[in-house]
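Here's the structure we're looking at; comments come further down.
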There are 2 protein chains.
Amino acid sequence: MRHPLDPMLGFHLVRTANLALRAVNAAYGDLGIRHPDGAVLLVIDANPGITQSSIGRLLNIQRSNIAPMVSRLVDRGWLERRPGKGKTIGMFLTESGQRIMPAIHAASTAGENMITTSIGADAYAATLETLKRLR
Amino acid sequence: MRHPLDPMLGFHLVRTANLALRAVNAAYGDLGIRHPDGAVLLVIDANPGITQSSIGRLLNIQRSNIAPMVSRLVDRGWLERRPGKGKTIGMFLTESGQRIMPAIHAASTAGENMITTSIGADAYAATLETLKRLR
DNA sequence: CTTTTTATGCTATTGACCATAACACAAAAT
DNA sequence: ATTTTGTGTTATGGTCAATAGCATAAAAAG
């Protein structure tokens, strides 16, 4: 059984990415959110008052796709919109949102742990450095 | 502007995978197919007579999602189904399908070339070896 | 031999995520 | 004063993944 895609890095890239995302989504579990929501919460937690457009630029998500995500998180009482300069709106965690951040942090590292225990810490660090060089 | 996901390999994994897939899809261009179709064609070309279930196992695609893809490629005159043992069906390239395989091969390496020219050949080889160790 | 298990191909459906276009509006640049 | 740029938002379509369910056939187990 020949596998013509096995020697291609791109194939293993998407395959490994899917494995990691699967682990992360499973770790979010009963929180009822998925990896893009978790990423948005992490970014806002690290940058209180950040705009939706900036979040999209950091995470490579269109701002038109950020809007409904944020709305859902606002409805859950985890996020709050406060008007800023001009037409901009700053995003902040509510108290309820801050309370779940430990769980978000823990779940977001599920994929990392899976990878690390499988390839080792040194290979993890080397691959991370390599991929960060890519534009 | 803090980026809490930047030190996480998982984030760069999906980001790089998306870049590679985007390059591959662009390279397929006017062929009117996308990366899963190309992968299926490559696998059949390397394994004439392979079943759809086996293709799915190689590529991590559910066989229920392979069926409509194959049907489209059959409609285009690139693939042919020949009944095999029991309920199995072997997949083969038609002559027209064989004629486009050079273009498929060329396009499938577009993502690889993008990565290689960006991180270098040695980092490419090292990362490939690392990710192949992951189950 | 009969029954159960396993595997295959397929349809249908749902959902997640991505991408594009279009709009209203505000700030900044010209 | 006019143009350009940026922001938030809605709507919409498309790709791909996931699940359940069906009919059928081979293989395994009784």
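Numbers restart at 1 for each chain; the letters A, B, ... are given by sequence-line order, proteins then strands.
Within the 4.0 Å cut-off from OP1 or OP2 of C:dT8, at least one side-chain nitrogen or oxygen of B:R57 is found.
Residues that satisfy the salt bridge (charged side-chain N to carboxylate O under 4.0 Å, His left out) test with B:R135, not counting sequence neighbours, are absent from this structure. In this structure, the side-chain contact (heavy atoms from CB on, under 4.5 Å) partners of A:T127, at least two apart in sequence or on a different chain, are A:L131, B:L9, B:T127, B:T130. A:K132 is linked by a salt bridge (charged side-chain N to carboxylate O under 4.0 Å, His left out) to B:D6, counting only residues two or more places apart in sequence or in another chain. Evaluation of the side-chain contact (heavy atoms from CB on, under 4.5 Å) rule for B:P7 yields no partner, not counting sequence neighbours. For A:D45, there are no salt bridge (charged side-chain N to carboxylate O under 4.0 Å, His left out) partners at least two apart in sequence or on another chain. For A:R76, there are no salt bridge (charged side-chain N to carboxylate O under 4.0 Å, His left out) partners two or more places apart in sequence or in a different chain.
DNA chain D is contacted by A:T51, A:Q52 of residues 26-52 of chain A, taking any non-hydrogen atom closer than 4.0 Å. Residues from residues 6-18 of chain A lying near DNA chain D, meaning a heavy-atom separation below 4.0 Å, are absent.
Note on A:S64: a base of the nucleic acid sits closer than 4.0 angstrom, heavy atoms only.
Atoms CG (B:N65) and P (C:dA16) sit 16 Å apart, rounded to a whole Å. Counting to the nearest Å, the C1' atom of C:dT8 and the CD1 atom of B:I66 are 13 Å from each other.
For the residue pair A:S71 / A:R81, a side-chain donor-acceptor distance below 3.5 Å is found, with atom types taken as modelled.
Pairs of residues two or more places apart, or lying in two chains, that qualify as ring-ring contact (aromatic ring centres under 6.0 Å, His included) and include a residue from residues 9-44 of chain A are A:H3-A:F11.
Taking the screw axis at each terminus of the helix from C:dC1-D:dG30 to C:dT30-D:dA1 from five consecutive base pairs, the angle between the two is 30° to within rounding of 10 degrees.
Nucleotides of DNA chain D that come within less than 4.0 Å of any heavy atom of chain A span, from the 5' end to the 3' end, D:dT7 to D:dA18.
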For nucleotides 23-30 of chain C, print each protein N/O atom paired with a nucleotide N/O atom at under 3.5 Å, atom names and distance only.
unit_1: C:dA24; atom_1: N3; unit_2: A:K87; atom_2: NZ; d: 2.8
unit_1: C:dA27; atom_1: OP1; unit_2: A:G86; atom_2: N; d: 3.4

